[in-house]
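Let me begin by presenting the structure, written as structure tokens, before commenting on it.
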Amino acid sequence: MHHRYDVLVVGAGGSGLMSALYASKNKNVSVAVISKLYPTRSHTGAAQGGVGAALGNVSEDHWEWHMFDTVKGGDYLTDQDAAEVFSKDVIEAVYELEHMGLPFSRLPNGKIAQRKFGGHTKEFGKAPVERACYAVDRTGHMILQTLYQQSVKSGVTFFNEYQVLDLIIEEGICRGVVAYDIATGEVHTFHAKAVVLAAGGYGRAFKVTSNAQTLTGDLMSIYYRKGLPLEDLEFYQFHPTGIAKMGILITEGARGEGGILRNDSGERFMERYAPTIKDLAPRDMVSRAIYMEIREGRGLGKDKDYVHLDLTHLPREIIEGRLPDITDFARTYLGVDPVLAPVPIQPTAHYAMGGIPTTIDGECLASSTDIVRGLYAAGEVACVSLHGANRLGTNSLGDLIVFGRRAGVAAAKYAAEVGYEELPARADNFATAEIERLRSGSGTENAARIRKELQETMMDNVSVFRTDETMSTQMEILRELQARYKNVSVTDTGLRYNTELTEALEVGYLLDVSEAMTASALNRRESRGAHAREDYPDRDDDNWLKHTMAYRNMNVPGKVNIGYKDVVLGRFEPKPRVY
Ligand SMILES: Cc1cc2nc3c(=O)[nH]c(=O)nc-3n(C[C@H](O)[C@H](O)[C@H](O)COP(=O)(O)OP(=O)(O)OC[C@H]3O[C@@H](n4cnc5c(N)ncnc54)[C@H](O)[C@@H]3O)c2cc1C
């Protein structure tokens, strides 16, 4: 089957829908979205705590303060042109969502309610500020529903439950994508003038993660397999408060509302690590502090491997009224009522700061200087780089609406100006062959077993703390798993809803993204943001104030070539990061 749309968006989370909606406002172009999930099942719908914007509804706030916090939170690896555009535009973008009908929580005076979140401060670091706009603890759900309704109203066409398997790029120009219709098993070719990648993150590379089952880095991996670069993959965020052992997220909003972390003796240990903003320090610092407490024997439980999130000093109305979903999660999954008892938590793999490198208009970079024409990216799949070495809570939802919109507008403008490039003959050859190999091959390996080994070893070796030794070991493990992956076949050879097949494809993506990530982390010999090396514990601006660009070596399997890209500095000079 063959389709043709001027602008094609891959992914129907917040960034994809924002791109599609804004592209569709340009009435000279046709717009379609392809998503392996039904749109409202995208992970954006799981986002809880809020979207940060300096509205100043509760106390004084300014976009410069937000920009400063974002740059400092990112340990100065943030590109400051992106941070400036973001901090200004996110204010207007939040009001736009409000006017589309998004049901934000409200203050008694009717304005959008705002609460505190990690790393968001007033007067350049003096004290926490209320900047997170929220709809109780279902902010992402509300964003997704609102944007889906608006996209349908605006005439966007949806191809739901189509899994993209390949990008068609010839002579540096993107010409479309190839996708697998999960319901029928057919392969479809989509011809386009511009493609926006908005396919989300890859938390499923790790054993304990807050990420949905489907976050497997598909489009990052497809991009990387073509010899194109992935930027700053070594910076992977562990969120401090996942439900112990399970990884299900307890929003930082819980600490924003006054929750406190405690060790085995009930001590509020963050006072020692971040004396000014304590439990509301950025996530990289809090996750490291939890690991240190556990390592020094101050953890709780039989294995002394978790700490407590204590909300018991807060009024019941705050806990149940402003954090209803996570109250439910703790009661359901742990049998713990947060109103009465502290909740066992441990860091959980959460967010990719790195991804497909883009300009501030979402254009994908083929190197530190050149773009791939007709190809755009936004959201967690992309690296613009707003989040630098560590993202602040609430800045991802803001990223989706600001840079999703910019990518959609730029893609539509480009598509309205150019004609269709020719498609290569049999553009679907690669995808069809990949499916056939898995479906009819005689391989003896099982994809689920490989995924389990990958997740366990990534959790141990490329975790909150890393060393040369753990990461070199992981590179060896990855080479072995990749070799075994070549010998995978599926037992279900059916055409309809063959999830064994689609999941086997996803394991392949996870392996390749993990390769780029581990190689980038091994290469960076300093500690910065979420990348904490025990063998190089200090930040080293003289040698490492630069972005990593990881390219797959197309000739030597398992080898990754590393290049670099300058950080865009500006208003804020790199300083030691104290909170
Ligand atoms: C539990 C949780 C809570 C969070 N809370 C917050 C918060 O409060 N504030 C905040 O700022 N951030 C939060 N985050 C982070 C934020 O929600 C995500 O980074 C963001 O939603 C990602 O949006 P996205 O549009 O990039 O991708 P997603 O919403 O993940 O959507 C990805 C889309 O890509 C599609 N896709 C993927 N692969 C393919 C393929 N091969 N073919 C076709 N389609 C494909 C999927 O179908 C899906 O539609 C949270 C994250 C989690 C996991």
Side-chain angles (χ1 to χ4, degrees), residues 8-20 33-53 90 115 117-118 132-135 137-141 143-144 147-148 158-167 177-182 190 196-204 209-212 214-222 237 239 241-243 247-253 256 283 325-326 329 348-353 355 377-382 387 391-401 403-404 407 431 502 505-506 509:
L8 208 57
V9 179
V10 179
S15 60
L17 294 179
M18 198 73 182
S19 291
V33 172
I34 306 180
S35 174
K36 69 178 177 180
L37 299 171
Y38 185 76
T40 50
R41 296 183 67 92
S42 304
H43 191 73
T44 298
Q48 304 169 351
V51 44
V90 73
R115 63 180 158 212
F117 242 78
C133 311
Y134 60 93
D137 55 0
R138 300 180 195 121
T139 316
H141 173 85
I143 290 180
L144 205 55
L147 290 176
Y148 183 49
F158 282 86
F159 291 87
N160 299 333
E161 300 186 326
Y162 279 64
Q163 186 158 329
V164 169
L165 303 185
D166 200 10
L167 286 172
V177 310
V178 180
Y180 174 82
D181 179 357
I182 300 172
F190 292 81
V196 183
L197 306 179
Y202 62 91
R204 284 283 153 178
T209 177
S210 66
N211 279 199
T214 50
L215 289 172
T216 46
D218 307 10
L219 269 298
M220 281 190 213
S221 179
I222 291 169
Q237 176 168 85
H239 190 297
T241 59
I243 288 183
I248 299 167
L249 196 75
I250 302 281
T251 173
E252 197 172 287
R283 291 175 180 172
D325 273 4
I326 64 128
F329 293 166
T348 181
H350 184 60
Y351 183 84
M353 270 72 74
E380 195 170 336
V381 79
H387 311 298
R391 170 173 76 81
L392 293 187
T394 75
N395 271 1
S396 173
L397 293 179
D399 177 355
L400 308 182
I401 56 177
F403 292 103
T502 52
L505 289 162
E506 290 171 346
Y509 301 137

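If you're wondering where the values come from, they're calculated on a predicted model, not measured in any experiment. Counting starts at 1 for both ligands and their atoms, following the listed order.
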Is it true that Asp399 and Arg391 make a salt bridge, defined as a side-chain N closer than 4.0 Å to a carboxylate O?
-> no
Counting N and O atoms only, with roles assigned by atom type, does the side chain of Gln48 sit under 3.5 Å from a partner on the main chain of Leu249, one being a donor and the other an acceptor?
-> yes
Geometric N/O contact Gly393 with ligand 1, under 3.5 angstrom | no
Any idea which of Glu380, Arg391, Glu161, Lys36 brings a heavy atom closest to atom 14 (N) of ligand 1?
-> Arg391
Does Asp181 use its side chain to pair, donor to acceptor, with the backbone of Tyr162 at less than 3.5 Å?
-> no
Check each atom of ligand 1 against the heavy atoms of Ser42 and keep those under 4.0 Å away; list them by number with element.
-> 29 (O), 31 (O), 48 (C), 49 (O)
For ligand 1, is Gly14 a contact, meaning one of its heavy atoms is under 4.0 Å away?
-> yes
If we number the atoms of ligand 1 from 1 as shown, the ones under 4.0 Å from a heavy atom of Leu37 are 47 (O)
Numbered atoms and elements of ligand 1 in range of Asn395, under 4.0 angstrom, heavy atoms = 11 (O)
Spatial distance of atom CD1 (Ile243) from atom CD1 (Ile250) [nearest 0.5 Å] | 4.0 Å
Looking only at heavy atoms of Leu400, does any of them come nearer than 4.0 Å to an atom of ligand 1?
-> yes
Could you tell me whether the side chain of Thr44 and the main chain of Gly140 form a donor-acceptor pair under 3.5 Å?
-> no
Could you say whether the N/O atoms of Ala47 and ligand 1 ever approach to under 3.5 Å?
-> no
Judging by distance only, is a nitrogen or oxygen of Thr251 under 3.5 angstrom from one on ligand 1?
-> no
Below 3.5 angstrom, do we get any N/O pair linking Thr44 and ligand 1?
-> yes
In this structure, CG of Asn211 is separated from OH of Tyr351 (nearest 0.5 Å) by 10.5 Å
Quick check: does any side chain N or O of Thr139 sit under 3.5 Å from a backbone N or O of Tyr134, one acting as donor and the other as acceptor?
-> no
With respect to atom 2 (C) of ligand 1, which of His43, Gln48, Arg41 exhibits the smallest heavy-atom separation?
-> His43
Of the protein's non-hydrogen atoms, which lies at the shortest distance from atom 47 (O) of ligand 1, and what is that distance?
-> Ser35 OG, 2.8 Å
Against heavy atoms of Gln163, which atoms of ligand 1 measure under 4.0 Å?
-> 41 (N), 42 (N)
Nearest non-hydrogen atom to atom 32 (C) of ligand 1 belongs to which of Ala199, Ala132, Gly11?
-> Ala199
Under 4.0 Å from any heavy atom of Ser210, which atoms of ligand 1 are there?
-> 1 (C), 53 (C)
Should you measure from each heavy atom of Asn211, which atoms of ligand 1 turn up under 4.0 Å away?
-> 53 (C)
Compute the minimum heavy-atom distance from His350 to ligand 1 and say whether it is under 4.0 Å.
-> yes
What's the shortest heavy-atom distance between Ile326 and Thr251, and which atoms?
-> CG2-N, 3.9 Å
Using distance alone, determine whether Gly50 and ligand 1 share an N or O pair under 3.5 Å.
-> yes
Criterion side chain to side chain contact (heavy atoms under 4.5 Å, CB included) against Ser15, the qualifying member of Val196, Leu197, Leu397, Leu400 | Leu400
List every atom of ligand 1 that sits less than 4.0 Å from any heavy atom of Ala12, numbering the atoms from 1 in the order shown and giving each element.
-> 33 (C), 48 (C), 49 (O)
Please confirm whether the backbone N or O of Asp325 pairs with a side-chain atom of Asp137, one donor and one acceptor, at under 3.5 Å?
-> yes
Would you name the heavy atoms of Ser42 and Ala12 that are closest together and state the gap between them?
-> OG-O, 3.2 Å
Report the distance from atom CD1 of Ile34 to atom CZ of Phe190, rounding to the nearest 0.5 Å.
-> 4.0 Å
Residue pair Leu17 / Val9, side-chain heavy-atom distance below 4.5 Å = no
Between Tyr351 and ligand 1, which residue portion shows a heavy-atom distance shorter than 4.0 Å: side chain, backbone, both, or neither?
-> side chain
Region of Asp218 that comes within reach of ligand 1 [heavy atoms, distance under 4.0 Å] = side chain
Is the shortest N/O to N/O distance between Val10 and ligand 1 below 3.5 Å?
-> no
What is the nearest protein non-hydrogen atom to atom 42 (N) of ligand 1, stated with its residue, atom name and distance?
-> Val164 N, 2.8 Å
When the aromatic ring centroids of Phe158 and Tyr148 are compared, is their separation below 6.0 Å?
-> yes
Checking Gln237 side chain against Met353 main chain: does a donor-acceptor pair fall under 3.5 Å?
-> no
Tell me: protein heavy atom nearest atom 16 (C) of ligand 1, and distance?
-> Ser396 OG, 3.4 Å
Which heavy atom of the protein is the closest neighbour of atom 27 (O) of ligand 1, given with residue, atom name and distance?
-> Gly200 CA, 3.4 Å
Side chain, backbone, both or neither: which part of Ala179 has a heavy atom under 4.0 Å from ligand 1?
-> neither
In the protein, which heavy atom is nearest to atom 10 (C) of ligand 1, and how far is it?
-> Leu397 CG, 3.4 Å
NE2-CG distance between His350 and Leu215, expressed to the nearest 0.5 angstrom = 10.5 Å
Distance in Å, Thr216 OG1 paired with Arg204 CZ, rounded so as to fall on 0.5 Å steps = 10.0 Å
Less than 3.5 Å between some nitrogen or oxygen of Ser15 and one of ligand 1, yes or no?
-> yes
Could a heavy atom of Gly140 be found less than 4.0 Å from some atom of ligand 1?
-> no
Could an N or O of ligand 1 be found under 3.5 Å from any N or O of Val381, whether backbone or side chain?
-> no
Go through ligand 1 atom by atom and flag the ones less than 4.0 Å from a non-hydrogen atom of Leu215.
-> 30 (O)
Do Asp218 and Val164 have side-chain heavy atoms sitting under 4.5 Å apart?
-> no
For Gly398 and ligand 1, does the shortest N/O to N/O distance drop below 3.5 Å?
-> no
Check: Gly49 N/O within less than 3.5 Å of ligand 1 N/O = yes
Sub-4.0 Å heavy-atom contact, Tyr162 with ligand 1 = yes
Using modelled atom types only, decide if a donor and an acceptor are shared between the side chain of Lys36 and the backbone of Thr502 within a distance under 3.5 Å.
-> no
